[in-house]
Number of protein chains: 6
Amino acid sequence: MRILVINPNTTGSMTEAIGVAARQYALPSTEVECVSAPWGPRSIEGHFEEVLAAAATVEVVAANRKDFDAFVIACYGDPGLFAAREIADVPVLGIAEASMLTACTLAHRFSVVTVIPRIVPMLHDLVRRYGMESRCASIRSSGLGVLELDEDPARAVEEIVAQAQMAIDGDGAEAIALGCAGMGPLDKTVQGRLGVPVIDGVAAAVKLCEALTGYGVSTSKVAAFKSPEEKELIGVAAALQEVTAR
Amino acid sequence: MRILVINPNTTGSMTEAIGVAARQYALPSTEVECVSAPWGPRSIEGHFEEVLAAAATVEVVAANRKDFDAFVIACYGDPGLFAAREIADVPVLGIAEASMLTACTLAHRFSVVTVIPRIVPMLHDLVRRYGMESRCASIRSSGLGVLELDEDPARAVEEIVAQAQMAIDGDGAEAIALGCAGMGPLDKTVQGRLGVPVIDGVAAAVKLCEALTGYGVSTSKVAAFKSPEEKELIGVAAALQEVTAR
Amino acid sequence: MRILVINPNTTGSMTEAIGVAARQYALPSTEVECVSAPWGPRSIEGHFEEVLAAAATVEVVAANRKDFDAFVIACYGDPGLFAAREIADVPVLGIAEASMLTACTLAHRFSVVTVIPRIVPMLHDLVRRYGMESRCASIRSSGLGVLELDEDPARAVEEIVAQAQMAIDGDGAEAIALGCAGMGPLDKTVQGRLGVPVIDGVAAAVKLCEALTGYGVSTSKVAAFKSPEEKELIGVAAALQEVTAR
Amino acid sequence: MRILVINPNTTGSMTEAIGVAARQYALPSTEVECVSAPWGPRSIEGHFEEVLAAAATVEVVAANRKDFDAFVIACYGDPGLFAAREIADVPVLGIAEASMLTACTLAHRFSVVTVIPRIVPMLHDLVRRYGMESRCASIRSSGLGVLELDEDPARAVEEIVAQAQMAIDGDGAEAIALGCAGMGPLDKTVQGRLGVPVIDGVAAAVKLCEALTGYGVSTSKVAAFKSPEEKELIGVAAALQEVTAR
Amino acid sequence: MRILVINPNTTGSMTEAIGVAARQYALPSTEVECVSAPWGPRSIEGHFEEVLAAAATVEVVAANRKDFDAFVIACYGDPGLFAAREIADVPVLGIAEASMLTACTLAHRFSVVTVIPRIVPMLHDLVRRYGMESRCASIRSSGLGVLELDEDPARAVEEIVAQAQMAIDGDGAEAIALGCAGMGPLDKTVQGRLGVPVIDGVAAAVKLCEALTGYGVSTSKVAAFKSPEEKELIGVAAALQEVTAR
Amino acid sequence: MRILVINPNTTGSMTEAIGVAARQYALPSTEVECVSAPWGPRSIEGHFEEVLAAAATVEVVAANRKDFDAFVIACYGDPGLFAAREIADVPVLGIAEASMLTACTLAHRFSVVTVIPRIVPMLHDLVRRYGMESRCASIRSSGLGVLELDEDPARAVEEIVAQAQMAIDGDGAEAIALGCAGMGPLDKTVQGRLGVPVIDGVAAAVKLCEALTGYGVSTSKVAAFKSPEEKELIGVAAALQEVTAR
């Protein structure tokens, strides 16, 4: 099968790192392609940037919707996820969602360790959107910016481990979801330090895509994720235009 | 004070109708300007269209953020609301949020009567986002498309009244929120038929903007709605660019 | 419009201070009258006192129900609020409810800073009654008695700021609701210290009354707040008697 | 032990019927006294009447607080319950609370069948206050007024059985709580018709009082139900005055 | 009446201590018999042991189901409780459930102080199963093993008091449920130290059995606790076999 | 990898059908073995039978815990799941949990269609245990007994489709989880009829086991699923004995 992993931001080096993580645990028969958003913020650290990234991500899905067997949105806010489900007929996974669902198979409660503090309320909303309130022990900020993760991975590991350990000792967490695609490559290092399952949403999403495709199920198109209505769109990219044309 | 009411879709006749509704209950000292999204879908009836509309709406807010005392986003999905709060220093109200909060002052529980069925799960998510689960009796679809409201208002009233009456009789609703900006002009007609408060989010949002400004409070900027980080944005409109520049 | 603000306790100096706060942000066209409860406790700091204050408050509303365009109940337990909605045809706002709904337009989550510790479980119940569990970050006690607020406002500010800052730093609060009518006059001072919106429920309630009246909506009378049944009342004040007579 | 059962309304025939029900299942060693409210409504069917009844009930508890081993408040809104807990050192049970807790020992979910429709939202609030949302299958109105129960018990049984059967068949109820003290005497008749446990809160409360006293535990006085603060009360009955005097 | 109290583990000395506690507050007319599980773990400190204990407990109930007026399952995980309700026609109480329901009559919120830390997530699930989330302030581990309680009761009291005090001071607890049958005999000592109600589930369950029997109600058999279907069981004890035979 | 799929009941023909379903969507490199419970009920349709089945299932896991890379418990009550997680070091999936988590990736809300009505409250508890309340639209009974599914599959399809269609049309379901392992072989037939994703938990669990193993994560052993304490077990099978021996 062919999976398109979309990095919703425009930092190419991060896209490359995500691609490596995505391929690392994929089946031999799975082909993973990884692209950046064609436009938008260098990193996604707030609602404003997320709105832009969602639009850019949806554009990528629209342009490729006939060419892949599954899509992964590789930013921990899952920007554009529900929109992408409307326009693709194949499974679309967000890495936040994938990491949380995976954590539920391994742990009574999980915590998310994410980047800067302003992301915490955003993830609270996401946890509620997915109905994970009773499974999520806490959401903790490592204090790191998205682009700092790459610059000093050793420090990143220390900050993530420190918060994760507090989540385990104080909040009742039994597994840790890494709350940023940029943290993904650190998963096994952090897991080695903590002794609990540590989940990179990118890897989790790729494995779930394989599972869904292997079982032969895809997004329900009867209500929330129904294909868009036939409709005129003004001043948008051609790929988007086609989505609502008949 | 000056309020900018943004219609997140690109149908000018709907923008005009929203403008009339917005001005109708405004204070004499309130100046209301009303604009359409500069690009995007003719109406917003799904997640895909909402993602585009959110980006277009945020562009409008960015371009005008220094020039108004408050903003109203006049689409019942509140597209781009949290992003707009990040980039504006003045209050920003969404009409879904405004109608629900207003309903809470008048009724034990309220129902929302909206357009086509696919909107229902979207509004369930919105109700959860705002923490209104225990106050919202039900969300009901009138079966009408957004642009049909304008074409046959008499039929629209009948369909809305029918669903609203079922909400009152069967679901425990005591007030009705009109779940589409295009339904706003029908508020008093529907209210006259039902005998319970009927709330147009546009009017409610304008009145709340006046209330917040009158009391001298605005959006909290310490966490969820902090101003965007300083950051490079690739390939976006100039107004957006400026938001993250220093 | 004419608003009657009722102080449910019997401390006249507090009624005066509440009146000043209520008028401060009212529209020029709004006339605010402020009265104390005719009997009952000097301050309301528990369920026992609240039961008495509710009965006294309802007596005031009953006696004035034809003479005002809106009522505000100015005690942070909102004593008698739902009963008052039954007997008045015009909007009735409680200051706890008004402060929480207002906070929701400005912040992802808010905290309440209130008086002595025994009030905390009472406010937990109120937050649940209004369905605000997911929007209320915490309820914190300043340790101050209601009547102490007036005696040493400078100390009151310090205690409130200290608890509010802990709410912001530790609980995820982004706005602060002042959990006692007696704290209202300190709102802007506390806001200046904290840098987040600080909400006095009295001011918030007055502004919401203006908004509701301006939009032409009032309490739903079909279920929870239906007018009282025709019924004999034994041994009660004449104003109450009339409410259930036909 | 001696239990004072308080009928919060002023209808003496109802007080007598409650007294019979209260004594029927009491231990031989339990002495039950039953009194009406000294003033207030003939029946309690709304928030307004409940506020008055709560004040009258609290007056009865205050006047008798040293003379009984437990108190039962025999109206299905539990008027004044938390206030009574503050001023008594012995257990105080409300019949709504008692019936719900008892139902939890017998059934996965229970429904409440109550009087006229306007009571339904009041009981929704009570269910939430007690945290019983996931145990309460539904709240259904029999359409009967409180004082009608006594006038035509045969019809009352039919109406209660009809709603209860719908609760069992359609809502998932496995036990029925009778949502009015006046329905209590019908408990075994209704139970015989339905084949599921039917609970009169008066009987349930008496048995719980005996259980608590037998085990030697009483209301916690450290926070929510702490004794009232020392305080001046203006213009209230002497018994109330004493409660806050030192 | 005759109550069978079942200690689901196989430690006879603990069974004896439970028997003493069970009889201490029983009515003179109540006969209490107390038995150990016939097989299984010495103590129950995890899901694995609970599964075995549940099966052994159910065996005891099956063998005695015609011979007692009520059953109490005396382990704070309530192992086999719902199964026992299916096979007995008389009331069956678990001690966790009994302690929580009793606490609700005495306190706004309660905390559970239990044994080793791994029990905490198990009790979180139990609290959710019983719908007690909004009444349970916290679940705290004393760090003690089940069988250590008996060995050094003085130390046990200290550890329990320490955690309970933190629950009262920090978590908002107003009553304490002792989260292990082995802690029961310490109830009054701990209560004396804390000044809040302390509840041994064994005593609470015995009193509730008396209350239910005294009122003449028993488990609803229409859905969740319906008698088992007629069915072949392979390789099980004769008493179990009979349960599903006709 | 090698997966042991355990049918917790003792009906061999059902075990065979489950085995076929389990192998159908497995990777070529996955070896699936399928066994029945060594003792216990012919089918599992209540709490009593579930308690026995849980003990038998745990015995199978204990006896095989070193010999497989993952375990699947193939009964829709997930009997013994958490106990199995304690005693195995490899992933253990229950089919209820697996079907619900899988449904979350495909649909806004899902419904479960199960066997006889008495199972419905059991599944409500399971949905709460897994925190799926806001994702589960409804639980519906097909009225079929477990062993009837096999006898008349054509009728089973009709009954399942009828309930599923009501879930889609009336409850807001967008995907259907088949609420019994015996329904698994009908998944694609039912999906063809409904036009929404239909999920057999057995297939879903096998695919999730492959995903977890492929990513290299397993059950967290720090709290809820910690290995059992060292402890004497009386009168149990040798395989169980070993689990708690050191």
Side-chain angles (χ1 to χ4, degrees), chain C residues 9-11 36-59 61-62 79-87 116-122 124-125 128-129 131 145-147 222-229 231-236 240 243-244, chain D residues 9-11 36-59 61-62 79-87 116-122 124-125 128-129 131 145-147 222-229 231-236 240 243-244:
Chain C
N9 76 29
T10 48
T11 296
S36 305
W39 54 271
R42 282 297 187 200
S43 63
I44 303 164
E45 296 171 321
H47 295 97
F48 168 72
E49 292 156 14
E50 190 171 80
V51 160
L52 302 182
T57 298
V58 164
E59 228 174 278
V61 175
L81 175 62
F82 288 4
R85 285 202 175 129
E86 285 182 0
I87 61 179
I116 53 177
R118 67 184 298 156
I119 303 302
V120 174
M122 296 178 75
H124 271 296
D125 283 350
R128 278 178 63 77
R129 177 169 226 187
V146 170
L147 301 180
V222 296
F225 308 126
K226 218 176 149 183
S227 296
E229 307 291 307
K231 188 171 295 183
E232 190 190 11
L233 303 179
I234 307 294
V236 303
L240 296 172
V243 164
T244 57
Chain D
N9 76 30
T10 49
T11 297
S36 304
W39 55 272
R42 282 296 186 201
S43 64
I44 303 163
E45 296 171 321
H47 295 98
F48 169 70
E49 293 156 14
E50 190 171 80
V51 160
L52 302 183
T57 298
V58 163
E59 227 174 278
V61 175
L81 175 61
F82 288 4
R85 285 204 174 126
E86 285 183 0
I87 61 180
I116 53 176
R118 68 184 298 156
I119 304 301
V120 175
M122 295 178 75
H124 271 296
D125 282 351
R128 276 178 66 77
R129 178 169 225 186
V146 169
L147 300 181
V222 296
F225 309 127
K226 217 175 152 182
S227 297
E229 307 292 308
K231 188 172 294 184
E232 189 188 12
L233 303 179
I234 306 294
V236 303
L240 295 172
V243 164
T244 56

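No hydrogens, no waters, no symmetry mates; every other heavy atom, side chains included, goes into these values. None of the values given here were measured: they were computed from a predicted structure. Here is how names work: the chains are called A, B, and so on, in the same order as the sequence lines, proteins then strands, and each is numbered from 1.
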Most contacts with chain C, counted as non-hydrogen pairs under 4.5 angstrom, among Pro79(D), Ala56(D), Pro117(D), Ser43(D):
Ser43(D)
Among Gly145(D), Pro121(D), Gly131(D), who wins on heavy-atom pairs under 4.5 Å with chain C?
Pro121(D)
Only counting residues at least two apart or in another chain, list the ones meeting salt bridge (Lys or Arg N to Asp or Glu O under 4.0 Å) with Lys231(C).
Glu45(D), Glu49(D)
Go through the structure and list residues passing salt bridge (Lys or Arg N to Asp or Glu O under 4.0 Å) with Arg42(D), not counting sequence neighbours.
Glu232(C)
The reported gap from CZ in Arg128(D) to CZ in Arg129(C) (rounded to nearest 0.5 angstrom) is 11.0 Å
I need the Glu229(C) CD to Leu147(D) CG distance, nearest 0.5 Å.
11.0 Å
Less than 4.5 Å to any heavy atom of chain C: does that hold for the side chain of [X], its backbone, both, or neither?
X         : value
Pro228(D) : both
Thr57(D)  : neither
Val243(D) : side chain
Thr11(D)  : neither

Give the minimum heavy-atom separation between Ala55(C) and Ala55(D), together with the two atoms involved.
CB-CB, 4.0 Å
If I compare all heavy atoms of Val51(C) with all of Gly80(D), which pair ends up nearest, and what's the gap?
CG2-CA, 4.3 Å
For Phe225(D) and His47(C), take the angle between the two ring planes, folded into 0 to 90°, and tell me which bin it lands in: parallel under 30, tilted 30 to 60, perpendicular over 60.
tilted
Option in Leu233(C), Ile119(C), Ile234(C) with maximal non-hydrogen atom pairs under 4.5 Å from chain D:
Ile234(C)
Leu240(D) vs Phe48(C), test: side-chain contact (heavy atoms from CB on, under 4.5 Å). Steps then yes/no.
CA-CA 9 Å; Leu240(D) 295 172; Phe48(C) 168 72; 3.6 Å; yes
